[in-house]
A.B. asks: 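Mind looking over this structure? Questions follow.
For the single chain, residues carry numbers from 1 onward in sequence order.
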Amino acid sequence: MFVVMRSGATEAEVIGVKGLILAEGLTPFENVDGPLTAIAVVGEIGRRRDQLRARLEAAAGVDRVTPISTAYKLVSREFHPEDTVIRVLDAVIGDGSLTVMAGPCSIESREQLLDTVDFVAAHGATVVRGGAFKPRSSPYSFQGLGVEGLRYLAEARERTGLPVITEVMEPSQVDIVAEYADILQIGTRNMQNFSLLLACGRAGRPVMLKRGFGATIEEFLMAAEYIASAGNPQIILCERGIRTFETSTRNTLDLTAVPLLHHQTHLPVVVDPSHATGKRWLVKPMAIGSVAVGADGIMVEVHPHPDDALSDADQQLDFAGFEAMMGAITAVHAHVKDLHGDLGRAGAPAPLPVVAMDRA
């Protein structure tokens, strides 16, 4: 449930309500929207629900007490109606602008990373991505450069002025990754690593959470709730494809998730067409589709020489491919940006402009 305070409720009245919630062994989370303050009641309420609701409704300054219909409370749009906007250095995610996270799948060398970030920064990228620690299906595959790769990412930030994002794989890595990275990424294999979710929630950095390849939307949002419950509301959701019976692509990109997530949560949503498809020639059309349905941004893998990449060679764009994709998605975003808040919720958008598509 959440408590909506009366307009103009005093600070003492808000503190009083929080104190009542804490006295019950529960946790209050406050959301201020203009003159109104809402306080979410988080914890196992059980049979106390009716009694607690009556006590809260009788507290000074309370306008009403409203049940939350979903298991995820803090990331629910019911509790937090306005969109969350995340600011990292000069990048803004979730304000209607187009966020583009680009860089190599794995950091293989200083030269490879810096050559790539120089190009993507000059051609519209707003966040630099690069894998320092790489979870691989095979223990014999390249696992990344580790801390050395983190140092190269920090140099890339100084060089371009763009924030950097990289994956953290376990709770023990959170502090060292947070020392170098501006955004912590939790990968698909770790979406339900609850110790890692809580550790990232306590780290004080924005977190990008990738959907598990076998996760439902509710499971995805419950994982985000773990991060929020640890005190960190700066969460970016990433749709990166789910596993289905289809074998023609690496995963099946669920673009319905974008408007669905926007409807159910206030968090920004980006799409990763590289991991979703596993084929570089599909990245551009799927990026176009992602922007068209209202994604706040995309994450793509870019490499100076993709065929020589030490990981995920088939899905990484070369420089010409990234430039072509940027031209296409920028045109689509310019057309749909004013419809962004309504996509998937209030009718269909106007017809899209003609954009050149790759043909196989």
Side-chain angles (χ1 to χ4, degrees), residues 83-107 112-134 144 149-168 177-188 200 203-211 227 232 234-240 258 267-276 283 286-287 290-291 294-303 312 315-317 319 321-323 325-326 329-330 333 337:
D83 290 338
T84 286
V85 177
I86 297 173
R87 293 175 171 82
V88 191
L89 300 182
D90 291 333
V92 185
I93 305 165
D95 68 336
S97 60
L98 181 62
T99 296
V100 178
M101 303 176 178
C105 172
S106 297
I107 302 169
Q112 171 245 16
L113 176 66
L114 296 184
D115 284 352
T116 304
V117 300
D118 284 348
F119 185 87
V120 298
H123 290 81
T126 56
V127 178
V128 169
R129 65 144 293 154
F133 299 95
K134 292 300 298 179
L150 293 177
R151 296 192 184 106
Y152 295 154
L153 276 175
E155 184 177 353
R157 177 178 54 236
E158 295 301 315
R159 188 181 182 101
T160 63
L162 301 181
V164 299
I165 179 172
T166 194
E167 183 168 355
V168 56
V177 174
E179 182 179 339
Y180 290 94
D182 302 292
I183 306 171
L184 306 179
Q185 175 182 314
I186 298 176
T188 185
C200 288
R205 296 280 191 197
V207 178
M208 189 181 79
L209 178 65
K210 285 197 164 187
R211 182 181 180 183
I227 300 169
N232 186 357
Q234 298 186 92
I235 304 165
I236 305 160
L237 301 175
C238 180
E239 166 59 44
R240 46 80 66 206
V258 176
L267 302 175
V269 181
V270 304
V271 175
D272 177 352
S274 297
H275 279 93
V283 171
M286 292 299 97
S290 301
V291 175
D296 296 287
I298 62 162
M299 169 179 265
V300 291
E301 295 179 347
V302 184
H303 193 287
D312 291 344
Q315 67 193 38
Q316 298 198 61
L317 297 173
F319 288 175
F322 178 75
E323 185 175 6
M325 182 205 71
M326 285 300 300
I329 64 174
T330 300
H333 180 256
K337 63 181 180 180

A.B. asks: R205: which residues meet the side-chain hydrogen bond (donor to acceptor under 3.5 Å, both in side chains) condition with it, sequence neighbours left out?
C.D. replies: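 Scan of R205 (side-chain hydrogen bond (donor to acceptor under 3.5 Å, both in side chains), adjacent residues dropped) gives none.
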A.B. asks: Please tell me if the side chains of F322 and V100 come closer than 4.5 Å, counting only heavy atoms from C-beta onward.
C.D. replies: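 With C-beta onward as the side chain, the pair touches.
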A.B. asks: Distance check, rounded to the nearest 0.5 Å: T116 atom OG1 versus R129 atom CZ?
C.D. replies: 11.0 Å
A.B. asks: Tell me every residue that passes side chain to side chain contact (heavy atoms under 4.5 Å, CB included) with V270, counting only those two or more places apart in sequence or in another chain.
C.D. replies: M208, I236, C238
A.B. asks: Give me the atom names and distance for the closest heavy-atom approach of A132 to G149.
C.D. replies: CB-C, 4.1 Å
A.B. asks: Which residues satisfy the side-chain hydrogen bond (donor to acceptor under 3.5 Å, both in side chains) test with D182, sequence neighbours excluded?
C.D. replies: R157
A.B. asks: Checking A91 now: which residues fulfil side chain to side chain contact (heavy atoms under 4.5 Å, CB included) with it, not counting sequence neighbours?
C.D. replies: V127, P163
A.B. asks: So, using salt bridge (Lys or Arg N to Asp or Glu O under 4.0 Å) as the criterion, who are the partners of E155 when residues are at least two apart?
C.D. replies: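 Salt bridge (Lys or Arg N to Asp or Glu O under 4.0 Å) check on E155 returns R110.
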A.B. asks: Donor-acceptor pair, distance only, cut-off 3.5 Å: does the side chain of D272 make one with the backbone of H275?
C.D. replies: yes
A.B. asks: Rounded to the nearest 0.5 Å, what separation is found between the SG atom of C105 and the CD atom of Q316?
C.D. replies: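 Here the rounded value is 5.5 Å.
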A.B. asks: Could you pull out all residues at least two apart from T84 that satisfy side-chain hydrogen bond (donor to acceptor under 3.5 Å, both in side chains)?
C.D. replies: H266
A.B. asks: Using the salt bridge (Lys or Arg N to Asp or Glu O under 4.0 Å) criterion, which residues pair with D118? Sequence neighbours excluded.
C.D. replies: R159
A.B. asks: I would like to know whether L162 and V164 meet side chain to side chain contact (heavy atoms under 4.5 Å, CB included); could you show each step before the answer?
C.D. replies: CA-CA 6 Å; L162 301 181; V164 299; over 6 Å; no
A.B. asks: Using the ring pair (Phe, Tyr, Trp, His ring centres under 6.0 Å) criterion, which residues pair with F119? Sequence neighbours excluded.
C.D. replies: H123, F319
A.B. asks: Output the distance between atom OG1 (T166) and atom CZ (F133), rounded to the nearest 0.5 Å.
C.D. replies: 8.0 Å
A.B. asks: I186 and I227: side chain to side chain contact (heavy atoms under 4.5 Å, CB included), yes or no, with the steps?
C.D. replies: CA-CA 11 Å; I186 298 176; I227 300 169; 4.1 Å; yes
A.B. asks: If we ignore hydrogens and angles and just use 3.5 Å, is the side chain of Q112 paired with the main-chain N or O of S106 as donor and acceptor?
C.D. replies: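 It does hold such a pair.
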A.B. asks: What residues form a side chain to side chain contact (heavy atoms under 4.5 Å, CB included) with Q234, not counting sequence neighbours?
C.D. replies: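 Expected list: I86, P206, N232.
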A.B. asks: Supply the atom-to-atom distance I93 CD1 to D296 CG, rounded to the nearest 0.5 angstrom.
C.D. replies: 9.0 Å
A.B. asks: What pairs of residues pass the side-chain hydrogen bond (donor to acceptor under 3.5 Å, both in side chains) test when at least one of them lies in residues 85-101, not counting sequence neighbours?
C.D. replies: D95-S97
A.B. asks: So L113 and P104, do their side chains get closer than 4.5 Å, heavy atoms only?
C.D. replies: yes
A.B. asks: Does the pair D312 and S274 meet the rule for a side chain to side chain contact (heavy atoms under 4.5 Å, CB included), with working shown?
C.D. replies: CA-CA 9 Å; D312 291 344; S274 297; over 6 Å; no
A.B. asks: Can you measure from NE2 (H303) to CD (Q315) and round to the nearest 0.5 angstrom?
C.D. replies: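 Rounded to the nearest 0.5 Å, the NE2-CD separation comes out at 12.0 Å.
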A.B. asks: Go through the structure and list residues passing side-chain hydrogen bond (donor to acceptor under 3.5 Å, both in side chains) with E239, not counting sequence neighbours.
C.D. replies: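 side-chain hydrogen bond (donor to acceptor under 3.5 Å, both in side chains) check on E239 returns R211.
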A.B. asks: Find the distance between OG (S290) and CE (M299) and round it off to the nearest 0.5 Å.
C.D. replies: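 So the OG of S290 and the CE of M299 are separated by 13.0 Å.
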